[in-house]
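Just below is one structure, and these are the notes that go with it.
Residue indices begin at 1 and follow the sequence shown. Each ligand, and each atom within it, is numbered from 1 in the order the structure gives.
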Amino acid sequence: MLQGKRVIVTGASTGIGEQIAYHLARMGAHLVVTARTEAKLKKVISECLKLGAASAHFIPGTMEDLVFAEQVVTKAGKLMGGLDMLILNHIAPVNLRFFNGDVASIRKVMDINFFSYITMTSAALPMLKVTNGSIVVVSSIAGKLITPLIADYSAAKFALDGFYSSLQKELQLMNVNISITLCILGFINTDSAVKSLSGIVENITPSPKEECAVEIIKGGALRQKVIAYPSSIYISMWNPIRTIQEYFILLTYNIDNITRNQQFS
Ligand SMILES: NC(=O)C1=CN([C@@H]2O[C@H](COP(=O)(O)OP(=O)(O)OC[C@H]3O[C@@H](n4cnc5c(N)ncnc54)[C@H](OP(=O)(O)O)[C@@H]3O)[C@@H](O)[C@H]2O)C=CC1
Ligand SMILES: C[C@H](CCC(=O)O)[C@H]1CC[C@H]2[C@@H]3C(=O)C[C@@H]4C[C@H](O)CC[C@]4(C)[C@H]3CC[C@]12C
């Protein structure tokens, strides 16, 4: 399904993002990958070309810089001649620690893990409208449930859930055919996650990043609203009362009035 499709993958120098890039390459997609470390990105795109990518480019830089975040989308659109799928996956390195009052560091994490996602989405929407494309947002069970020592990370993941779940409903109301897939992940065996959890979280076995990447791509290609990996975490997300309440809240909205007075930009 993804042969010849034009895809951006963020945080693709290592971990789950790197595996997503390799799977897309095997499927024959056009790729633009991004992260900070140029040397790693060069290796990733050369591997992607070996695996069968229709084309592969990299754009290095930090998502702390929101101008860079916007430029990645416009440059990628020019390089590939449009965009079919935006996979938002990068995160700032995680430090498991008690909140120490450092607000500036929380702001930095919010820029990288949240505002850059919104910036890229906003820049990509016009291109995705043309292609009836897809946005895939990689999130975590830590954006659904509460765990200690990761207040900054968790805040950003909850924010992503709120923003993209709301945007999903807006697109539906405005009959805009762009899909949004929210990916809720449990513990995955990337080097960074295994290292930062070592000695802190015990007795859980991480799931493989390769299979995780396939499930993320599948969710995006099938235009699913939400996927959970490993599937055992579905149960923690099951909240029928919330679903019913959301349905009834929507019924109270005068949709005709809103859509008449507002254009989706
Ligand atoms: N692994 C896990 O257990 C879980 C992961 N997830 C989610 O999956 C996604 C991927 O996680 P994972 O693969 O483990 O993460 P990794 O730490 O392995 O990779 C993170 C990626 O983001 C890039 N990155 C880091 N800082 C920046 C920055 N300032 N600007 C741009 N890019 C940056 C890194 O590259 P570079 O350093 O070169 O910039 C790297 O490519 C994340 O969204 C995470 O929240 C969710 C639940 C569990
Ligand atoms: C402990 C949780 C798993 C519980 C289970 O029964 O499976 C982990 C599930 C998701 C993890 C966090 C996450 O979203 C990824 C981050 C990756 C970093 O590199 C390490 C810390 C994480 C915040 C990680 C912490 C443990 C989980 C909440």
| task | State the atoms of ligand 2, each with its element, that fall below the 4.0 Å cut-off from a heavy-atom position in I141. | result | 9 (C), 10 (C)
| said: Out of the candidates Y117, F68, F114, only one should pair with H90 under the ring pair (Phe, Tyr, Trp, His ring centres under 6.0 Å) rule; please name it. | reply: Y117
| query | Looking only at non-hydrogen atoms, which of Y153, F187, F68 approaches atom 45 (O) of ligand 1 most closely? | reply | Y153
| Heavy-atom gap G186 to ligand 1 smaller than 4.0 Å | yes
| note | The protein heavy atom nearest to atom 9 (C) of ligand 1 is N89 OD1, 3.1 Å
| query | Among protein heavy atoms, which lies nearest atom 15 (C) of ligand 2, and at what distance? | reply | Y153 OH, 3.2 Å
| task | Would you check whether P206 reaches within less than 4.0 Å of ligand 1, judged by its heavy atoms? | result | no
| Going by the order shown, which atoms of ligand 1 are within less than 4.0 Å of some heavy atom of H90? | 22 (O), 32 (N)
| query | How does I91 reach ligand 1, by side chain, by backbone, by both or by neither, if only non-hydrogen atoms under 4.0 Å count? | reply | both
| message | I need the atoms of ligand 2 closer than 4.0 Å to a non-hydrogen atom of I150, numbered in the order shown. | response | 23 (C)
| request: Give the atoms of ligand 1, by number and element, whose distance to some non-hydrogen atom of A12 is under 4.0 Å. | output: 41 (O)
| Atoms of ligand 1 less than 4.0 Å from I16 heavy atoms? | 5 (C), 8 (O), 10 (C), 11 (O), 13 (O)
Taking only distance into account, with no hydrogens and no angle test, what donor-acceptor pairs under 3.5 Å do side-chain atoms of residues 50-60 form with protein atoms, sequence neighbours excluded?
from: S55; atom 1: OG; to: H30; atom 2: ND1; distance (Å): 2.8

| Interfacing atoms of ligand 1 (cut-off 4.0 Å, heavy-atom, A193) | 1 (N), 2 (C), 3 (O)
| query | Nearest protein heavy atom to atom 8 (C) of ligand 2, by residue and atom, and its distance? | reply | F187 CB, 4.2 Å
| Backbone, side chain, both or neither: what part of A193 comes under 4.0 angstrom of ligand 2, heavy atoms only? | both
| task | Mark up the atoms of ligand 2 that fall under 4.0 Å of a heavy atom belonging to S196, in ascending order. | result | 18 (C), 19 (O), 20 (C)
| remark: S140 heavy atoms within 4.0 Å reach ligand 2 at atoms 10 (C), 13 (C), 14 (O)
| request: Just jot down the ligand 1 atoms closer than 4.0 angstrom to any heavy atom of T14, in number order. | output: 18 (O), 19 (O), 40 (C), 41 (O)
| request: Look at atom 22 (O) of ligand 1 and find which of G15, G11, A21 reaches it with the closest heavy atom. | output: G11
| query | Taking only heavy atoms of I204, which atoms of ligand 2 are found under 4.0 Å from at least one of them? | reply | 1 (C), 3 (C), 6 (O)
| Is any heavy atom of the protein nearer than 4.0 Å to atom 10 (C) of ligand 2? | yes
| said: Closer than 4.0 Å to some heavy atom of G186 - which atoms of ligand 2 meet that? | reply: 9 (C), 10 (C)
| message | Under 4.0 Å, heavy-atom basis, I'd like to know which part of S116 is in contact with ligand 1: side chain, backbone, both or neither. | response | neither
| note | Note: ligand 1 atoms sitting under 4.0 Å from heavy atoms of T37 are 36 (P), 37 (O), 38 (O)
| query | Salt bridge or not for R242 and E246, using N-O below 4.0 Å? | reply | yes
| Which of the numbered atoms in ligand 1 are below 4.0 angstrom from a heavy atom of S13? | 34 (C), 35 (O), 36 (P), 38 (O), 40 (C), 41 (O)
| field | Sub-4.0 Å atoms of ligand 1 with respect to non-hydrogen atoms of T62 | value | 28 (C), 29 (N), 30 (N)
| Sub-4.0 Å atoms of ligand 2 with respect to non-hydrogen atoms of S192 | 19 (O)
| Does even one non-hydrogen atom of K157 get within less than 4.0 Å of ligand 1? | yes
| request: Mark the output for G61 as yes if a heavy-atom distance to ligand 1 is under 4.0 Å, and as no if none is. | output: yes
| said: Just to confirm my output: which protein heavy-atom neighbour is closest to atom 7 (C) of ligand 1, and how far is it? | reply: V138 CG1, 3.7 Å
| Is atom 26 (C) of ligand 2 less than 4.0 angstrom from at least one protein heavy atom? | yes
